[in-house]
J.: 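The structure that follows is given in the form of structure tokens.
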Protein chains: 4
Amino acid sequence: MPTRRDEARALFRNAILDAAEAVIADRGFHAARIHDISERARIAVGTVYNHFRTKEDVLRALLEERSEGLRRELMPVPGEPESFEKKLAVRLSRVLAYVDRHRSFFLVALEHGLFGAASATAEATLHGKPVRQMASVKGAIAALIQEGIAAGALVDEDPARLTRFLTGTMKGFILGSLQAGLPSIQGETPVIVDLFLHGAARSPARRKR
Amino acid sequence: MPTRRDEARALFRNAILDAAEAVIADRGFHAARIHDISERARIAVGTVYNHFRTKEDVLRALLEERSEGLRRELMPVPGEPESFEKKLAVRLSRVLAYVDRHRSFFLVALEHGLFGAASATAEATLHGKPVRQMASVKGAIAALIQEGIAAGALVDEDPARLTRFLTGTMKGFILGSLQAGLPSIQGETPVIVDLFLHGAARSPARRKR
Amino acid sequence: MPTRRDEARALFRNAILDAAEAVIADRGFHAARIHDISERARIAVGTVYNHFRTKEDVLRALLEERSEGLRRELMPVPGEPESFEKKLAVRLSRVLAYVDRHRSFFLVALEHGLFGAASATAEATLHGKPVRQMASVKGAIAALIQEGIAAGALVDEDPARLTRFLTGTMKGFILGSLQAGLPSIQGETPVIVDLFLHGAARSPARRKR
Amino acid sequence: MPTRRDEARALFRNAILDAAEAVIADRGFHAARIHDISERARIAVGTVYNHFRTKEDVLRALLEERSEGLRRELMPVPGEPESFEKKLAVRLSRVLAYVDRHRSFFLVALEHGLFGAASATAEATLHGKPVRQMASVKGAIAALIQEGIAAGALVDEDPARLTRFLTGTMKGFILGSLQAGLPSIQGETPVIVDLFLHGAARSPARRKR
DNA sequence: TATGAATGAGAGTTCATTCAT
DNA sequence: CATGAATGAACTCTCATTCAT
């Protein structure tokens, strides 16, 4: 049972993470000064350090939180459709809705390996210490792929490759859509699913989608 | 006709860029100190500044150079196959060979928007000044997509979306393969082309590839 | 009502300005490193930057402060003598006492235009940004001259010229006395006033003063 | 007899000094880069170092040259008037004509003690090494004062004080006039002489001059 | 001797982190 | 625990000087 004190702590923690998300999304991790973050949260710099050991820890906590959010959206939910394609669409749609809710920060999050494959800069920034939840996201995606293979819905290709293909496709659409300023990335779900499953080639069977 | 002096200049410039590529790939842009770069190039710090105005300019020059390299590999070459699929495979193969030649730096380059969609950090780092050649790469990819559509080889979808799909797929495989430590990304070409064109869904016609 | 915190701020600010005055007087502005100043004030370098935006700003603040001090001494004070000569003597005496209190820094201050006419170096150093209070000093001197003319005590010459004459005379004595190491410049007041008013020519009426 | 080689050397030396005068007058000594000077002289930086040991030496040579020029103008010339006042006027006029010929540099020269009393900055810049000819200028002025005292034309005051008074007056007018942008400082000679000799006080005998 | 690129010590400034209040 | 000023290591960039050509 959380005490009043615990609740206060959580309040501060959240305020800091919100501020950090906005500032880091805006300027990138390196240009984001702790001072900026504390100012946006309307608290003192020292207070940030009462809740996080280092600036880097703030970023890591943020990534944990977003990873956890993503992972949740990727998990099965009661009442999901049976067919893999529909299930994929449903889950992807939830994921992209989540991305839409944290739009700008995802530019940063992706760079830091949210779907796997962090940049060198990111690695250096986090001193190589892994973000726990990030592994779960990868795991959840890999599990989804496995499911598809097991169900016979996906080609019997090396799962690692299919995972790269799926994350690449998702990232391509997320980044592209953010950059293009699309109001909703979630809206792209059908296209993404279709391209991921059936590719970009024209075939007699698929005229226009 | 380049004089001896011009040659010397180019020599230094290249040495600096090579050193910068290695150091930045290794530690990321921010952790890479000019001092590290000059040390690796076995020259003095000041010499770096005789060739580049700022540290940021070194990165930009590097991105220009790699972009230009990529663009070149994407351009048509005499004697290319007629069919779009084969042409795509040939070009992609060349591009990936280039990536293989500059493996580790591509982790950095991608983050800085080499195929479009730079991260917030990258934007901040470059102060929003665009890397000229990077636009050409995007253009070359878009042109390739257009070609495919015109030839009737690709679905009649919004070209911007197909571009996101292609770049996403490429980036997914490049990053994934780098991270996995695959010896050659070029070797992935057939899989990439196949997935891009025909998707990941199992179909009666495609058992195993 | 100044809070404890405001007092602390002022304490630091003064310590910095005192240290800067000493160091700059000793080595000149360019040779004075921020590190020297902070060391003399027994604080950290960063602290200097918590109180002043740039090194240049420290100098400017110092000049403002000394200018303000000078201006104050030049202002009328209740109970001053009526006659212009005596009034001039009284004010000049106050001014020179102030100079005595900040002896060595005045070498720097004069060079930076404390009585008008900054050197090229000074202009460049301050980036042409004017020191507000310095204008007031010039104004106070000009006012004094005007007063003398109006009172019929000074020749009816172009006031700008008389101002140059007065400031030149003052600066000549200040610099000369400082260089000669005179213990008190204030003690020169009578000579200065006499020479300023009656010149250096021998006349039947003035044997020795 | 100067050989062709000597002439060439002198040509370079002069070109450098001319360029240095202009650049230093414009930006002050510290902001004047050797590179700027060599560029203005249309020669290479290295060449400057073939003629002067250090940047500081260039300044010193410049000051020597201007000091020597001033000293020359202060020396007696055949056919000068007998009366001290007229002699003073004649010499001062020559000096001010020289100043006019090197207008802007004098802002710098004065600061570096051309008439005595260098600023702290100047002392630091020249590392305390004296400029030989500068002593001669002071000597020539002191001699002039002595002459006036001996002739009974000046009050029997401490010569050092009268020297400070004269140099102060001259510097006041030079700086003031330069700053005011007067086209000719030489034209001020009569006023300067009059004020120096008879002061600024109105007396029954002197209505308007 | 003129050249101008290479050199590297040095300086100003920033900002994550600490800690007394 | 919140505060925010103090701290000082670290980093980029400058520029007087050198030296191979």
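Just so it is clear, the values below take in all heavy atoms, side chains as well, and ignore hydrogens, waters and symmetry mates.
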J.: Nearest to the side chain of Thr54(C), heavy atoms from C-beta on, is which of dT3(F), dA16(F), dT13(E)?
T.: dT13(E)

J.: Would you kindly check whether a donor in the side chain of Asn50(B) faces an acceptor in the base of dA6(E), or vice versa, at under 3.5 angstrom?
T.: yes

J.: Taking the side chain as every heavy atom from C-beta outward, state whether Arg60(B) and Phe52(B) have any pair of such atoms under 4.5 Å apart.
T.: no

J.: Return the 5'-most residue of the pair Arg53(C), Thr47(D) with respect to DNA chain E, ranking by each residue's nearest nucleotide.
T.: Thr47(D)

J.: For dG4(E), give its Watson-Crick or G-U wobble partner with both distances under 3.5 Å, or none.
T.: dC19(F)

J.: Without decimals, in angstroms, what is the distance between His35(B) NE2 and dG10(E) P?
T.: 14 Å

J.: In whole angstroms, how far is the P atom of dC15(E) from the NE2 atom of His30(B)?
T.: 10 Å

J.: Once you round it to whole Å, what is the distance between P of dG4(E) and CD1 of Ile37(D)?
T.: 17 Å

J.: Under 4.0 Å between any heavy atoms, over every strand shown, what does His51(D) touch: base, sugar-phosphate, or nothing? Just pick one.
T.: sugar-phosphate

J.: Between Tyr49(C) and Gly46(B), which is nearer to the 5' end of DNA chain E once each is assigned its nearest nucleotide?
T.: Gly46(B)

J.: Can you spot which of Thr54(D), Val131(D), Ile24(D) makes a side chain to side chain contact (heavy atoms under 4.5 Å, CB included) with Leu59(D)?
T.: Ile24(D)

J.: Taking atom CD1 of Ile37(D) and atom CG of Leu17(D), what is their separation to the nearest 0.5 Å?
T.: 9.5 Å

J.: What is the distance, rounded to the nearest whole Å, between atom CZ of Arg42(D) and atom P of dT3(E)?
T.: 13 Å

J.: Whole angstroms only, please: what is the CZ-P distance between Arg13(B) and dA6(E)?
T.: 13 Å

J.: Can Glu65(A) and Glu21(A) be said to form a side-chain contact (heavy atoms from CB on, under 4.5 Å), step by step?
T.: CA-CA 11 Å; Glu65(A) 203 140 288; Glu21(A) 174 163 20; over 6 Å; no

J.: For the CG atom of Leu63(C) and the CG atom of Leu126(C), what is their distance to the nearest 0.5 Å?
T.: 6.5 Å

J.: Closest to the Arg33(C) side chain: dT3(F), dG12(E), dA16(F)?
T.: dG12(E)

J.: How would you label the contact of Ser38(D) with the nucleic acid (heavy atoms, under 4.0 Å): base, sugar-phosphate, or nothing?
T.: nothing

J.: On DNA chain F, check which nucleotide each of Val45(A) and Val45(D) is closest to and give me the residue with the more 5' one.
T.: Val45(A)

J.: In whole Å, I'd like the distance from the NZ atom of Lys55(C) to the P atom of dT13(E).
T.: 8 Å

J.: Looking for any heavy atom pair under 4.0 Å, which part of the strands does Ala32(C) touch: base, sugar-phosphate only, or nothing?
T.: sugar-phosphate

J.: Quick one: His127(B) NE2 to dT12(F) P, roughly how many Å, whole number?
T.: 13 Å

J.: Send over the distance from Phe12(C) CZ to dT7(F) P, rounded to a whole Å.
T.: 6 Å

J.: Should dG10(E) form a Watson-Crick or G-U wobble pair with both distances under 3.5 Å, which nucleotide is its partner?
T.: dC13(F)

